[in-house]
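Side chains included, hydrogens not; waters and symmetry mates left out as well; all remaining heavy atoms used.
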Amino acid sequence: MRKYQNFILGLFLVLQTVAGFAAPLSNISGFFSTPETPTSFPELIARIQAAQKSVHVVMFHFSNPEVADALVQARQRGVDVQIILNEKDFSDVKAKLNIEKFVAVGIEVLKGSSAFSITHEKTMVIDGTTSVIMTSNLTTQFRTMRDFGIMTEDPLIARDMENLFQTDVNNSRTRGKTTPEFASDALVISPTNSRTKLISLINEASQELFLMVENFSDPNIAAALKSAAARSVKVKVVLPLCDFNFNPFFNVPMARELKAAGIDVRMMPAPTSAQTPYMHAKVIGIKNNFCTKLFLGSVNFSLNSLDKARELGVIIDEKNTIAKMQTLFDQDFAASVDIPDQTPRELCPKFK
C-alpha cells in the first residue's frame, strides 16, 4: 500500500512539473498580519535592527515613520540601505518626510522605472539572506488594514530578489523594464508571469479555494475561478465593498458575476476598523487531495497589476502559515456582508 501511495505521489509531482505548476516555498521563518499587531510592524523593525550589511527595499507607498527611523538607524551604523519607491511617493506629503530623512543620512532613494505603470511591489531583502514579501504598504493605517507578510531565509529566493532589486535599480536609471530569470519557481512577478502562475494555482484546486484581493477585474482569473466552481471546488471570496482608490464600488460588478457562477462571495463593509478591516491583502489559498498552497504578494487581479506594473509575490506550502491565514480569512468572511442589490454612496462614507 505504501509503495502504491508513493507511486501516486511521485506521479503527481511529475505531472506538476510537466504542467508548469509552481514549486512552492516551504521555508518560512516569520509571519505577520495586520490589523492584529498593536504596534507598527514590530517583526519587520526587529529584522531591520538586526541587519549587519544591507537592507534593500521596494515599496509602493512608504509613510510609516517607525519603519523609516529603523532604516535611518541602520544606515547610521554602517548598513547599506537602498530604497526604490513608486514615483507618486515623491509628491506625497507624509512620504516626502521619510524621503528627506533617508537622503539626510546618505540613503539612496530611487524612483521606480517609468516603463512600469506603477512600482507596486512591497518587499525587502536584508543582508542578502532574509527576504520579506508583503501585501502591505508601509503606512500608518495598519490598524484597520487586512495585510500579511512572510519572511524566509531560502537562498534561492534571496538571490532572485537581490537580482531583481539590482535590475530595477538599473531600470530606474535607464527607464527600462528588464526582468531577470529566476532560479526559484515559487516567485510570482509582474509584468511577466503573474497571470500564468495564478491561473495555474487556481487550476490545481480540487477541494477548496479561498481568495481575498483589493481590486478584481481580470476576466481570465475570473474564468479560472468559475471553472473551479464548476468542478465542485468550494470557492469563497472576500472583496472590499468600498474601494478607496477608484470608483467606491469598483468590485461590485465582479462580485455579482462570480456569485452568478455559484461562487460564495462576500464584501467587507465600511467604515474600516480592526473588526472590519479594509481588504488590501492579495491572497489565493487552494486545497487538493495532495497538499495546500497559498499565494500572497502585491499583485491585484487587474489588467494593470498583472500586465503593466512591477509586482512581486510568492507561492508557499508551509502548513502553519497557511493555517493562520485560513483562520483570518474565515474571520473576515464572517464579518463581511452579502453583495448589496443597490450601491447608494452612503454605503461608502469616504465617497459621500
Side-chain angles (χ1 to χ4, degrees), residues 33-35 59-61 63 86 88-89 92 94-95 117-122 134-148 190 194-195 198 210-222 225 236-260 263-284 295-311 313 328-329 331-333 335-352:
S33 65
T34 64
M59 190 56 51
F60 177 66
H61 187 41
S63 60
N86 187 57
K88 279 192 175 181
D89 251 19
D92 178 86
K94 291 182 179 180
S117 59
I118 53 175
T119 293
H120 194 243
E121 182 181 337
K122 307 152 196 322
M134 299 177 282
T135 72
S136 175
N137 291 303
L138 296 176
T139 69
T140 57
Q141 285 80 43
F142 60 91
R143 291 184 180 87
T144 59
M145 303 282 279
R146 168 58 70 216
D147 272 308
F148 303 102
S190 289
S194 54
R195 179 181 281 103
L198 294 179
F210 68 90
L211 180 152
M212 61 172 69
V213 71
E214 182 183 18
N215 296 323
F216 193 166
S217 59
D218 185 73
N220 298 289
I221 292 183
L225 289 179
K236 289 185 176 183
V237 173
V238 177
L239 304 172
L241 173 60
C242 303
D243 188 293
F244 291 158
N245 298 300
F246 305 106
N247 178 308
F249 302 113
F250 178 85
N251 290 301
V252 170
M254 178 59 75
R256 289 173 176 161
E257 179 181 332
L258 295 176
K259 183 177 181 180
I263 293 171
D264 198 353
V265 184
R266 292 176 67 83
M267 308 196 81
M268 186 64 78
T272 59
S273 68
Q275 290 71 43
T276 56
Y278 181 65
M279 304 308 293
H280 185 261
K282 303 93 170 68
V283 170
I284 301 172
F295 161 80
L296 80 157
S298 67
V299 186
N300 279 300
F301 307 150
S302 66
L303 175 67
N304 180 63
S305 187
L306 293 161
D307 295 337
K308 298 180 180 181
R310 172 60 91 211
E311 310 272 12
L328 292 169
F329 174 87
Q331 174 181 305
D332 291 339
F333 192 83
S336 298
V337 299
D338 290 331
I339 307 166
D341 293 330
Q342 297 180 328
T343 51
R345 297 185 75 81
E346 288 75 13
L347 290 175
C348 294
K350 183 176 179 178
F351 296 95
K352 284 183 180 178

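- When all heavy atoms of Ile339 and Ala255 are compared, the pair lying nearest together is CD1-O, 3.4 Å.
- Going from atom CZ of Phe60 over to atom OG of Ser136 covers 12.5 Å, rounded to the nearest 0.5 Å.
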task = Please lay out, stage by stage, how Arg143 and Thr34 fare under the test side-chain contact (heavy atoms from CB on, under 4.5 Å).
result = CA-CA 6 Å; Arg143 291 184 180 87; Thr34 64; over 6 Å; no

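- Residue Cys242 comes nearest to Leu347 through the heavy atom pair SG-O, 3.4 Å, listed as atom of the first residue, atom of the second, then distance.
- Between the side chains of Thr135 and Asp147, at least one donor N or O lies within less than 3.5 Å of an accepting N or O.
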key: Trace of the side-chain contact (heavy atoms from CB on, under 4.5 Å) decision for Met267 with Phe249   = CA-CA 11 Å; Met267 308 196 81; Phe249 302 113; over 6 Å; no

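- The closest side-chain heavy-atom distance from Met59 to Glu121 is not below 4.5 Å.
- For the residue pair Glu311 / Ser298, a side-chain donor-acceptor distance below 3.5 Å is found, with atom types taken as modelled.
- Using cut-offs of 30° and 60° on the angle between ring planes, the pair Phe301 and Phe216 is perpendicular.
- Distance CG/Asn300 to CD1/Ile221: 10.0 Å, rounded to 0.5 Å.
- Contact detail for Met268 and Ser336: the closest heavy-atom pair is CE-OG, 3.6 Å.
- Under the 3.5 Å distance criterion, with hydrogens and angles disregarded, a donor-acceptor pair is assigned to the side chains of Asn245 and Glu214.
- Side-chain atoms of Phe250 and Ser217, non-hydrogen and from C-beta on, do get closer than 4.5 Å to each other.
- Taking OG1 of Thr272 as the reference point, atom CZ of Arg146 lies at 12.5 Å (rounded to 0.5 Å).
- The backbone N or O of Thr139 lies less than 3.5 Å from no partner atom in the side chain of Asn137, so there is not a single donor-acceptor pair.
- With hydrogens and angles disregarded, a donor-acceptor distance shorter than 3.5 Å links the side chain of Ser190 to the backbone of Ser305.
- Ring planes of Tyr278 and Phe244: parallel class, angle under 30° (limits at 30 and 60°).
- Asn215 contributes atom CG, which lies 6.0 Å from atom CG of Asn251 (distance to the nearest 0.5 angstrom).
- The stretch residues 264-280 participates, sequence neighbours left out, in these salt bridge (charged side-chain N to carboxylate O under 4.0 Å, His left out) pairs: Arg266-Asp338.
- In this structure, CZ in Phe210 is found 10.5 Å from CG in Asp332, a value given to the nearest 0.5 Å.
- Expressed to the nearest 0.5 Å, how far CG of Asp92 lies from NE2 of His61 amounts to 4.5 Å.
- Using a 3.5 Å distance cut-off with no hydrogens or angles, the side chains of Ser117 and Asn304 do pair a donor with an acceptor.
- With contacts defined as side-chain heavy-atom distances shorter than 4.5 Å, the pair Phe148/Leu328 qualifies.
- A donor-acceptor pair under 3.5 Å links the side-chain atoms of Lys122 to the main chain of His120, judged by distance alone.
- In terms of modelled atom types and a separation under 3.5 Å, the side chain of Lys282 and the main chain of His280 share a donor-acceptor contact.
- The two residues Pro35 and Ala274 come nearest to each other via the heavy atoms CG-O, 3.6 Å.
- The main-chain N or O of Asp89 is never found under 3.5 Å from a side-chain atom of Asn86 such that the two would form a donor-acceptor pair.
- Counted by atom type alone, Ser273 and Thr276 present one or more donor-acceptor pairs between their side chains at under 3.5 Å.
- A donor-acceptor distance shorter than 3.5 angstrom exists from the side chain of Arg256 to the backbone of Pro340, with no hydrogens or angles considered.
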